[in-house]
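Following: one structure in structure tokens, then a few remarks.
Letters go in sequence order (proteins before strands), and every chain restarts at 1.
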Number of protein chains: 4
Amino acid sequence: MKKTAIRTYSRNDKLISERRDHIAQSVAPLFVKKGYERTSIREIAEACDMSMGALYYYVGGKEDILQIMLDYDLTLYTKFVKELVDSSGSLPPREGLIRVLEQYFKASDASQDLTLFFYQETKSLQPSAREIIKGRERSLVAEFEKLLARGCKSGDFKIDNITLVANQIVVTGHMWALRRWLLRHVCSLEEYTRHNTEYFLTAVGAN
Amino acid sequence: MKKTAIRTYSRNDKLISERRDHIAQSVAPLFVKKGYERTSIREIAEACDMSMGALYYYVGGKEDILQIMLDYDLTLYTKFVKELVDSSGSLPPREGLIRVLEQYFKASDASQDLTLFFYQETKSLQPSAREIIKGRERSLVAEFEKLLARGCKSGDFKIDNITLVANQIVVTGHMWALRRWLLRHVCSLEEYTRHNTEYFLTAVGAN
Amino acid sequence: MKKTAIRTYSRNDKLISERRDHIAQSVAPLFVKKGYERTSIREIAEACDMSMGALYYYVGGKEDILQIMLDYDLTLYTKFVKELVDSSGSLPPREGLIRVLEQYFKASDASQDLTLFFYQETKSLQPSAREIIKGRERSLVAEFEKLLARGCKSGDFKIDNITLVANQIVVTGHMWALRRWLLRHVCSLEEYTRHNTEYFLTAVGAN
Amino acid sequence: MKKTAIRTYSRNDKLISERRDHIAQSVAPLFVKKGYERTSIREIAEACDMSMGALYYYVGGKEDILQIMLDYDLTLYTKFVKELVDSSGSLPPREGLIRVLEQYFKASDASQDLTLFFYQETKSLQPSAREIIKGRERSLVAEFEKLLARGCKSGDFKIDNITLVANQIVVTGHMWALRRWLLRHVCSLEEYTRHNTEYFLTAVGAN
DNA sequence: CATGAATGAGGTTTCATTCAT
DNA sequence: TATGAATGAAACCTCATTCAT
């Protein structure tokens with residue numbers, strides 16, 4: 001759980017972690033609302049209730065703040081999915097998948113703005129930081145792979161390319177966020193969930 | 001085909017149109033490479049082989065340039081899809097769909113960077129301009145709706161929510177661009193095409 | 001007479017040259033008074049009667065301003081010495097040397113602050129810029145070498161290491177500037193001149 | 001040996017003295033390498049192995065640190081020269097001068113960077129602190145004056161202006177440091193020493 | 001129509017210094 | 001005594017936009 005590569009003047013690891021988490025939480029609504037580039041350090045400091053100097057005590061630069069925030073939320077999200085997948089382990093694979101999809105789409109709906117933000121601003125990161133974020137994203141996909149793999153093992157599912165399907169599940173959630181402005185007039189979240197659940201059941205050979 | 005709402009000092013409509021098309025074409029690679037916010041007017045002017053003054057003669061401000069460029073490329077893309085759909089009108093619906101998907105995914109692959117850019121920078125527009133872009137996007141979806149509607153009319157397809165499926169086709173193309181970094185290690189474009197074609201055939205009840 | 005390596009937005013060479021000369025002249029008293037590091041861009045802009053933006057239109061950064069100023073004054077100084085040496089060409093070598101030394105020390109006295117500044121701030125330059133300045137300094141030394149070489153050729157002087165003596169002349173002028181605070185209580189410029197003239201006559205074997 | 005005018009919170013004179021000596025020694029390489037202005041208090045504290053707070057406990061501000069360091073090194077250097085001059089007291093004046101010059105130039109060669117630093121950064125001091133440093137420099141010159149005066153007394157030397165010659169000796173050492181970049185290609189330290197020794201012997205009438 | 005020099009507000013970042021602990 | 005987190009003024013620099021030519 002290293003936060004490395006981000007410069008700090010503090011050598012108190014606990015404080016660093018605390019402050020960076022605080023920054024990640026405080027800055028998210030601001031970033032989501034105004035976009036990364038359009039948000040000034042001054043605004044960030046204000047939102048964090050810190051002085052600009054204090055901010056730069058725990059962070060090497062503006063871009064680090066973006067990385068910290070993306071990392072924080074993606075980690076949180078991955079944890080959420082992991083718990084979801086794990087908690088559905090007691091159900092038969094088919095019912096487990098149905099339940100996970102339902103909850104995942106519900107969560108996707110709740111964190112629309114954040115999802116959009118991820119697609120928009122990841123490119124603002126340096127390649128090295130981008131790799132870290134991509135790693136987190138892969139972890140997210142991996143959680144769904146676990147779910148699918150379990151079903152394959154038990155013989156309930158039959159899947160050619162597990163990663164592809166897992167990615168497709170993730171993306172289907174994202175799509176609800178990215179295209180809400182269009183989908184809003186087309187179907188409700190419930191219909192969207194039903195439609196896609198049916199598809200994925202077919203795709204995994206469980207229909 | 002109004003270009004309105006964008007201020008200009010010129011009253012020669014033909015010239016305005018010409019210059020704006022030129023700007024749209026010249027600025028695209030720059031925007032795609034550096035991002036909208038990080039591209040300066042000076043760079044834009046240079047890429048367009050115009051002086052900064054000339055730029056402002058045909059355009060109200062930096063944001064207008066983004067709108068013009070997005071509008072231009074989206075219109076072009078919509079036209080491409082329209083021709084694709086129309087040209088497949090001679091085929092039976094099932095084969096038409098297969099062909100359109102294949103060509104569309106191929107085109108998605110070719111214009112990856114642009115697609116990514118659309119998702120990233122549309123939010124940099126004012127609401128009014130964003131609406132215009134959304135309208136273009138809806139036109140794009142509508143082309144696929146046409147294709148699907150034709151199949152329904154002939155009885156070959158059976159679809160609950162045509163718009164939903166059409167949108168799903170569009171987004172599936174986008175996802176190849178947005179998630180290429182992950183998908184690259186998972187499957188080739190051909191596999192991606194095959195996988196999704198199969199899905200959509202099922203989704204329209206033609207499998 | 002290239003001014004290269006210094007970024008500019010202008011492509012009008014004449015204007016660039018003019019503005020940079022203007023900057024060099026305007027900034028000198030400020031730099032000499034406050035030192036390079038302690039002088040802010042805002043102060044520089046004010047002294048140049050330019051806006052900060054205009055400044056950065058002709059100059060890539062603060063350090064460039066230092067380089068431009070050092071270059072400008074050193075070039076001027078070298079030209080002065082060159083003319084001095086050339087104009088003494090009509091005199092016999094011994095008398096020429098005496099005259100040149102007298103004038104050079106007088107000039108050293110007049111440009112004390114500038115000399116001090118050179119020793120202090122050359123180190124603020126990047127190595128590449130420092131090389132340029134060193135080149136100018138070598139040109140200055142070369143002028144005195146010319147004078148000494150002439151005397152050697154005619155048989156009036158007898159010198160082992162011409163560059164060493166030429167450099168010593170230059171530095172003797174500098175020292176009047178660098179150690180004025182001490183020398184002031186020890187001797188007048190006239191005495192300093194007499195003392196060192198006698199020395200150099202001995203050193204070149206013309207006493 | 002007052003260290004006055006420099007604020008401190010401590011009232012333990014021994015500790016003050018110890019810490020300031022420690023600071024002077026620790027900070028020198030840093031200052032020499034980066035320059036005074038470009039060195040931050042944080043770096044200084046780190047180099048001194050002290051906290052920033054501790055630093056300010058024994059020192060009034062950043063500038064005091066510069067003064068302390070200059071004072072410390074100049075005092076050390078003066079002591080070195082004093083011992084050199086005293087130890088040559090057993091030799092006849094002419095041989096004493098030769099020996100002192102040789103050792104002094106050797107020492108000048110060894111402390112080039114420091115010498116350069118003195119010329120560059122003394123101006124960063126407030127006038128009052130500058131006076132203190134000048135006093136130390138005068139003490140240095142005074143040591144050489146002692147040497148010359150001894151020779152005059154014994155009738156071996158014949159000098160008009162002892163201070164001027166003493167200063168010239170000091171400066172000749174400095175010159176080796178200040179102009180090394182040029183002299184390097186012109187002569188070795190040995191040649192430089194020989195050349196100047198000969199001169200000074202003439203200047204004091206001992207050749 | 002076209003040019004590009006000029007503006008200056010506002011961006012990010014640094015850093016000497018203080019003070020609660 | 002000692003610590004180091006916090007401050008915020010001020011540093012350097014960029015850039016969208018204008019307007020005299």
key: Atom-pair distance (CD on B:Glu46; P on F:dC15), nearest Å   = 13 Å
message = With a sphere of 6.0 Å drawn around NZ of B:Lys33, does it hold more than 12 non-hydrogen atoms of other residues, nucleotides or ligands?
response = no
inquiry  = Just to be sure I understand the geometry, which residues of residues 25-34 of chain A put a non-hydrogen atom under 4.0 Å away from DNA chain F?
reply    = none
message = Distance check needed: F:dA16 P versus C:Tyr9 OH, whole Å only.
response = 10 Å
ask   = Would you say the side chain of B:Ile41 lies within less than 4.5 Å of the side chain of B:Ile65, judging by non-hydrogen atoms?
value = yes
message = How many whole angstroms separate atom CD1 of D:Ile16 from atom P of F:dA2?
response = 11 Å
ask   = Dot-bracket for DNA chain E, 5' to 3', with Watson-Crick and G-U pairs under 3.5 Å, [ ] for crossing pairs and | for other-strand pairs: what is it?
value = .||||||||||||||||||||
Separation of atom NE2 in C:His22 from atom P in E:dA6, rounded to whole Å = 10 Å
key: Between E:dA2 (P) and C:Arg11 (CZ): distance, integer Å   = 18 Å
key: Side-chain donor/acceptor of D:Ser26 to backbone N/O of D:His22, under 3.5 Å   = yes
ask   = Which residues satisfy the side-chain contact (heavy atoms from CB on, under 4.5 Å) test with A:Lys134, sequence neighbours excluded?
value = A:Arg130, A:Glu131, A:Arg138, B:Trp181
inquiry  = Let me confirm one number: the CG-CG distance from B:Leu66 to B:Leu125, rounded to the nearest 0.5 Å.
reply    = 4.5 Å
key: Salt-bridge criterion met for A:Glu121 and B:Lys123 (N-O under 4.0 Å)   = yes
task = From the options F:dA5, E:dC1, F:dT18, select the nucleotide whose nearest atom is closest to the side chain of B:Arg7.
result = F:dT18
inquiry  = Looking at B:Arg42 and B:Glu46, is any side-chain nitrogen of the basic one under 4.0 Å from a carboxylate oxygen of the acidic one?
reply    = no
key: Whole angstrom value for the distance that separates P of E:dC1 from CG of B:Leu55   = 15 Å
task = Please tell me if the side chains of C:Gln120 and D:Tyr119 come closer than 4.5 Å, counting only heavy atoms from C-beta onward.
result = no
query = Is the closest side-chain donor-acceptor distance between D:Tyr9 and D:Arg7 under 3.5 Å?
reply = yes
inquiry  = Measure CE/C:Met50 against P/E:dA5 and give the value in whole Å, please.
reply    = 11 Å
Residue C:Ser10, side-chain heavy atoms: nucleotide from F:dT3, E:dA5, E:dC1 that is nearest = E:dA5
key: Side-chain N,O (D:Tyr58) to OP1/OP2 (F:dA2) below 4.0 Å   = yes
query = Between F:dT14 atom C1' and C:Asp64 atom CG, what is the distance in whole Å?
reply = 15 Å
ask   = side-chain contact (heavy atoms from CB on, under 4.5 Å) with B:Ala24: which residues, sequence neighbours excluded?
value = B:Ile68, B:Tyr72
Anything under 3.5 Å between a protein N or O and an N or O of nucleotides 9-13 of chain E, put it in a table, one pair a line.
unit_1: E:dT12; atom_1: OP1; unit_2: A:Lys62; atom_2: NZ; d: 2.7
unit_1: E:dT12; atom_1: OP2; unit_2: A:Ile41; atom_2: N; d: 2.6
unit_1: E:dT13; atom_1: OP2; unit_2: A:Tyr56; atom_2: OH; d: 2.3
unit_1: E:dT13; atom_1: OP2; unit_2: A:Lys62; atom_2: N; d: 2.8
unit_1: E:dT13; atom_1: O5'; unit_2: A:Tyr56; atom_2: OH; d: 3.1

Table please: side-chain donor-acceptor pairs of residues 54-63 of chain D below 3.5 Å, with sequence neighbours left out.
unit_1: D:Lys62; atom_1: NZ; unit_2: D:Tyr36; atom_2: O; d: 3.2
unit_1: D:Lys62; atom_1: NZ; unit_2: D:Glu37; atom_2: O; d: 3.4
unit_1: D:Lys62; atom_1: NZ; unit_2: D:Thr39; atom_2: O; d: 2.8
unit_1: D:Glu63; atom_1: OE2; unit_2: D:Gln126; atom_2: N; d: 2.7

